Amino acid sequence: MKNNQYTEFYAQLEENIRQRSCPVMNAQRREAFLTFSAQGFPSTRTERYKYTDVARDFAPDYGIQLSGGVGESTEFCRPLSKADIDVTPYYNHIADTTDSVVALNTMLAVDALLIHVPSDTRPKHPIQINNILKGKQDTMTLRRILIVMERGAEADVIITDHAADHQQFLCNQVIEVHCDDNSRLNLYEIEETNLMCTRYSNVFIREGRDCSVRHTSLTLFNGHTRNSCRVQLAGEHSEAILNGCVIADKMQRVDNNTVIEHLVPHCTSQELYKYVLDDSAVGAFAGMVHVHPGAQKTSSAMTNANLCATRQAHMYTQPMLEIYADDVKCSHGSTVGQLNDQALFYMRQRGISLHEAQLLLKSAFITEVIDTIPLEALRDRLHFIVDKRMRGELSKCEGCKLC
Amino acid sequence: MEDVTREFVNKDYEYGFHTDVHTEIIAKGLDEDTVRLISAKKGEPEWLLEFRLRAFRYWQTLEQPSWAHLNMPEIDYQDISYYADPTAQARKDGPKEIDPELMKTFDKLGIPLEERMALSGVAVDAVMDSVSVKTTFRERLKEKGIIFCSITEAVKEHPDLVREYLGSVVPYRDNFFAALNSAVFSDGSFVYIPKGVRCPMELSTYFRINAMGTGQFERTLIVCDDDAYVSYLEGCTAPMRDENQLHAAIVEIVVKDRAEVKYSTVQNWYPGDKDGKGGVLNLVTKRGHLRGVDSRLSWTQVETGSAITWKYPSCILSGDGSQAEFYSVAVTNNYQQADTGTKMIHLGRNTKSTIISKGISAGRSQNSYRGLVKVSEKAEGARNYSCCDSLLLGSTCGAHTFPYMDIHNDTAIVEHEATTSKISEEQLFYCRQRGISTEDAVSLIVNGYAKDVINKLPMEFAVEAQKLLGVSLEGSVG
Amino acid sequence: MLEIRDLHASINGKEILKGIDLTIRDGEIHAVMGTNGAGKSTLSNVIVGNPSYEVTQGEIIFNGQNLLEMSTEERANAGIFLSFQQPVEIPGVSMTNFMRAAVNARYKAQGREQLSAGDFLKLMREKRKIVELDNKLTSRSVNEGFSGGEKKRNEIFQMAMLEPTFCILDETDSGLDVDALRIVAEGFNKLRRPETSAMVITHYRRLLDYLKPNIVHVLIDGRIIKTGGPELANEIDENGFADYVAR
């Protein structure tokens with residue numbers, strides 16, 4: 001039993017939390033509490049958390065937000081407590097219940113957001129969820145999102161993180177995505193917070209047959225960020241595309257951890273993560289592609305490319321393969337390097353200053369990730385934001401009226 | 001394809017015989033007295049006994065590591081004999097005599113110990129169980145100031161050198177198996193190449209496990225002084241036995257200014273039978289310290305044997321401009337498991353490292369590459385290129401890649417790539433249409449795949465390694 | 001316009017230029033001919049300030065300014081343009097953004113007002129026509145996926161955009177077919193103003209027939225060993241460099 005502020009908080013307020021929440025969430029709470037209190041936070045000796053000191057990130061004395069805060073119901077989004085379907089088979093079903101950070105979320109989250117796209121339906125517009133961290137004291141928020149894509153459903157979901165106040169915020173987010181056969185989902189996560197924000201995100205995706213899921217994670221401004229994305233390819237002929245980019249400077253830290261499990265034959269996965277690190281930023285990328293026995297004809301490619309601009313910027317990268325089937329095409333590549341000298345010279349010969357040439361090349365480096373985004377409006381917006389970010393004109397969430 | 005798989009039966013392990021030679025074996029079990037006994041048998045000075053005891057005491061505080069992608073059988077460290085001497089009887093009969101049985105054993109292994117019969121240009125130190133049997137060409141090497149002898153003799157004859165370098169690259173605190181080896185190491189080779197000397201012949205150590213119920217704890221130390229050069233080869237075999245035998249070795253290499261060391265291994269310990277019974281547990285810490293400016297070290301390994309391989313020949317590049325290479329072919333078949341790779345630690349400026357790893361898995365084996373490339377803050381201009389490829393033969397084996405890159409300097413250029421492939425039916429069909437049998441075709445394709453590494457081996461070893469690749473994979477593919 | 005005195009330069013410690021003296025006046029076109037490895041490209045790289053090359057001796061004066069003390073981009077903005085022998089590909093940077101940055105820098109150096117986005121695109125359209133550069137190419141990344149001929153035309157297009165006063169054409173003709181060569185050469189002639197001067201590096205007479213140099217230099221082993229009028233180019237075209245190398 002490892003007691004800390006969170007186990008004590010739960011022990012005192014369990015009844016209060018239960019009353020504010022709904023049965024389907026309460027049903028998982030006790031188990032999560034037991035897991036969390038038995039394990040405590042993982043140490044950096046745990047392979048998956050090698051590059052992130054979880055206990056330190058959760059150490060501050062955060063106020064814990066227990067209000068729902070999920071917002072009004074719309075056609076496709078509603079609080080889990082007002083679910084239009086039976087969510088018992090989905091909630092906390094594919095999340096890794098043995099992970100302490102996930103267990104903490106399950107133990108304390110009061111409400112969740114349900115995005116439910118019925119069979120053969122496609123929302124007219126992308127579903128956008130803007131999270132604005134706001135408050136007069138240091139706060140931890142527990143965000144829980146459940147996405148249920150029925151057979152043949154299609155959707156674009158954009159989730160943004162902003163911070164409106166200069167307090168220490170910690171967001172502990174768990175997203176579970178269930179994709180039934182032949183569904184398609186584009187899930188974007190864009191983080192533009194500030195140096196005082198800490199983010200723990202655990203995304204779990206399970207795909208049936210003929211599905212396509214594209215997850216794009218953009219860390220444009222942050223404090224400490226730990227993103228985990230785990231995908232199970234459980235039906236044949238499905239694909240998973242995980243892309244991400246990170247622009248970090250000052251003392252920012254970004255740790256992306258991905259696991260793609262090929263459970264069945266004939267699936268495809270692709271990963272592209274790019275980092276630009278400046279000042280004393282620390283970046284980590286650990287990607288694992290796990291091809292289970294029998295998952296023949298798997299095709300998988302993983303790329304992680306990184307630019308370090310200073311000696312103080314550190315990059316840790318770990319592209320891993322675990323393969324138990326022989327008829328597969330798997331590759332991974334990882335690079336750490338600098339801007340192309342020849343390109344810099346060419347640009348300077350055209351009269352572009354060294355500084356400007358570097359900016360253009362850095363933006364171009366990130367552009368490869370942005371250009372994979374099918375939504376044109378979002379792509380254009382991101383090009384604009386990335387350019388501003390590179391120029392140091394984006395110190396907090398750009399275009400947000402609250403800030 | 002599966003049909004052809006069944007057609008082949010596993011070819012017998014060629015070196016699986018046992019030599020009936022009188023061997024003095026100390027009682028099983030490990031405590032401080034065992035350590036004292038080993039030290040006494042070898043007639044060691046006090047400082048070395050102290051070193052062993054410190055290592056032993058430290059080892060007792062450790063737990064066996066479990067991070068590797070290996071399913072390791074429980075090792076009962078009290079059920080192993082830590083010292084077996086096949087030369088004891090002969091020594092009683094008269095000094096300098098070698099039991100004819102031992103000579104025959106090494107002959108049978110293709111390692112003649114009589115200098116007139118030796119492979120041209122190769123000097124051999126032959127180690128059986130815990131003792132060095134004979135080192136050839138010592139006198140000729142001595143003329144150039146080169147020291148090549150067993151580490152036991154080196155302790156007696158060159159104590160200052162041994163004391164200066166032993167444990168300087170792999171301290172006993174390095175890891176569990178290194179601590180164990182430091183406490184109980186028996187024999188191995190010692191090489192010293194003086195300043196400016198280019199060693200005129202290949203130096204080679206051949207390790208043989210013979211006695212039952214023993215472990216082998218070899219210890220090799222190579223020091224290559226300024227502007228010197230040496231190429232060193234290591235080979236190993238063991239009899240077929242149903243129980244696992246432990247081989248926990250340490251190899252330390254010191255490379256000084258502008259010196260160059262090439263270290264090649266063809267590892268062919270008994271891999272266990274086709275059901276995974278028996279075989280050597282090969283748990284080895286190998287490391288080179290490129291201390292000098294513009295020094296060079298290359299590790300080349302062909303790993304075909306052992307039930308379990310846990311081995312990461314590493315390089316610490318602290319001399320400015322030093323260059324290190326790691327070339328590896330690891331083959332696993334049946335129930336073999338390998339977790340092998342390298343560490344390249346860049347500390348000096350303008351250091352360069354290359355990693356080429358080729359994993360080949362067949363049967364029900366598991367083959368993992370695990371590597372670390374670290375560029376420290378001061379390693380201005382460091383370069384690394386890594387390429388880790390896996391070839392899978394059959395659908396019941398596993399091939400895994402666990403590379404780690406820790407980059408702390410903005411001028412570093414580090415590239416890693418990896419691919420996984422199989423021998424395609426088209427390739428096999430094409431060969432067969434040209435009249436090449438399936439097994440020859442597999443051997444051909446595998447050797448082609450491993451060519452980059454094999455080419456790095458000295459000639460005699462390259463031929464040996466090529467044969468070995470074919471044999472190790474027999475019965476694995478159709 | 002440009003005056004080079006006793007110029008020595010090396011790359012990776014190896015001396016390539018072993019004392020070059022060369023004066024190019026306003027409006028003049030000089031051709032530099034020579035064997036492979038004679039130092040022609042080194043000369044052009046040193047003039048524009050490629051950081052890979054080290055000048056060990058000598059000086060270069062451009063319109064009264066000491067070029068060697070200026071950064072690559074300062075030289076470019078002073079009006080020096082190099083048409084690269086092998087233009088580098090820059091993935092991810094669009095031609096438009098690239099040119100925009102370069103034109104802005106040039107205008108700023110000249111004290112001119114920056115172009116609006118509309119005017120800039122208009123300028124791009126106009127200049128593109130001169131070298132018959134496809135619209136599609138300007139929407140791509142710099143030089144990425146361009147054929148050899150397209151890359152060379154793209155170089156001349158950039159020259160048109162930046163209006164330099166001194167141009168270096170480094171083997172702009174190599175690998176071009178007759179039509180492409182004509183387009184590039186005529187493009188250059190159209191862009192030229194009376195005061196524009198140029199240094200043309202080539203192996204062949206073909207390009208010189210279009211550009212009509214005033215003066216021809218023969219560069220062998222890091223030194224200019226012969227200087228003459230346009231007739232020298234014809235002579236080399238017929239006889240090769242054998243006479244000069246033999247010396």
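The shown structure was predicted, so the numbers you read here are calculated from the model rather than taken from an experiment. Order of the sequence lines fixes the chain letters, A, B, ..., with proteins taken first and strands second; residue numbering starts at 1 for each chain.
- Around the NZ atom of B:Lys374, the shell of radius 6.0 Å holds no more than 12 heavy atoms that belong to other residues, nucleotides or ligands.
- In this structure, B:Trp67 and A:Glu47 have side chains that are not in contact, with every pair of non-hydrogen atoms separated by 4.5 Å or more.
- The greatest number of non-hydrogen atom pairs below 4.5 Å with chain B, out of A:Asn304, A:Val282, A:Thr335, is found for A:Thr335.
- Side-chain contact of A:Gln312 with B:His408: a donor-acceptor pair under 3.5 Å is absent, judged by distance alone.
- Counting all heavy atoms, side chain and backbone alike, A:Arg311 lies closest to B:Asn409 at NE-ND2, 3.8 Å.
- Interface check for chain B: of the options A:Gln296, A:Lys50, A:Glu322, A:Met320, the most heavy-atom pairs under 4.5 Å are formed by A:Glu322.
- By the 4.5 Å heavy-atom criterion applied to side chains, A:Asp326 and B:Leu393 are not counted as neighbours.
- B:Leu392 places a side-chain heavy atom less than 4.5 Å from the side chain of A:Ile323.
- Expressed to the nearest 0.5 Å, how far CD of B:Glu417 lies from OG of A:Ser331 amounts to 9.5 Å.
- Separating the CG atom in A:Leu321 from the CZ atom in B:Phe402 is a distance of 9.0 Å, to the nearest 0.5 Å.
- With a 4.5 angstrom heavy-atom cutoff, A:Thr310 touches chain B only via backbone atoms.
- With a threshold of 4.5 angstrom between heavy atoms, A:Pro319 approaches chain B through its backbone and through its side chain.
- Panel note: side chain A:Gln338, backbone B:Ala412; a donor-acceptor pair is recorded below 3.5 Å.
- Ring geometry, B:His400 versus A:Tyr324: the interplanar angle falls from 30° to 60°, so the pair is classed tilted.
- Taking the side chain as every heavy atom from C-beta outward, B:Ser421 and A:Lys329 never approach each other to under 4.5 Å.
- Of the two parts of A:Tyr51, only the side chain, counted from C-beta on, holds a non-hydrogen atom closer than 4.5 Å to a non-hydrogen atom of chain B.
- Heavy atoms only, all atoms of each residue included: B:Asp410 and A:Cys308 are closest at CB-O, 3.5 Å.
- Around atom CZ of A:Arg48, more than 12 heavy atoms belonging to other residues, nucleotides or ligands sit under 6.0 Å away.
- A distance of 11.0 Å separates NE2 of B:His416 from OG1 of A:Thr303, quoted to the nearest 0.5 Å.
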Worked verdict on A:His314 versus B:Asp406 for side-chain contact (heavy atoms from CB on, under 4.5 Å): CA-CA 7 Å; A:His314 292 182; B:Asp406 296 355; over 6 Å; no
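- Atom-to-atom distance recorded for A:His332:NE2 and B:Thr420:OG1 is 7.5 Å, nearest 0.5 angstrom.
- At a 4.5 Å heavy-atom cutoff, A:Met302 makes no contact with chain B through either its backbone or its side chain.
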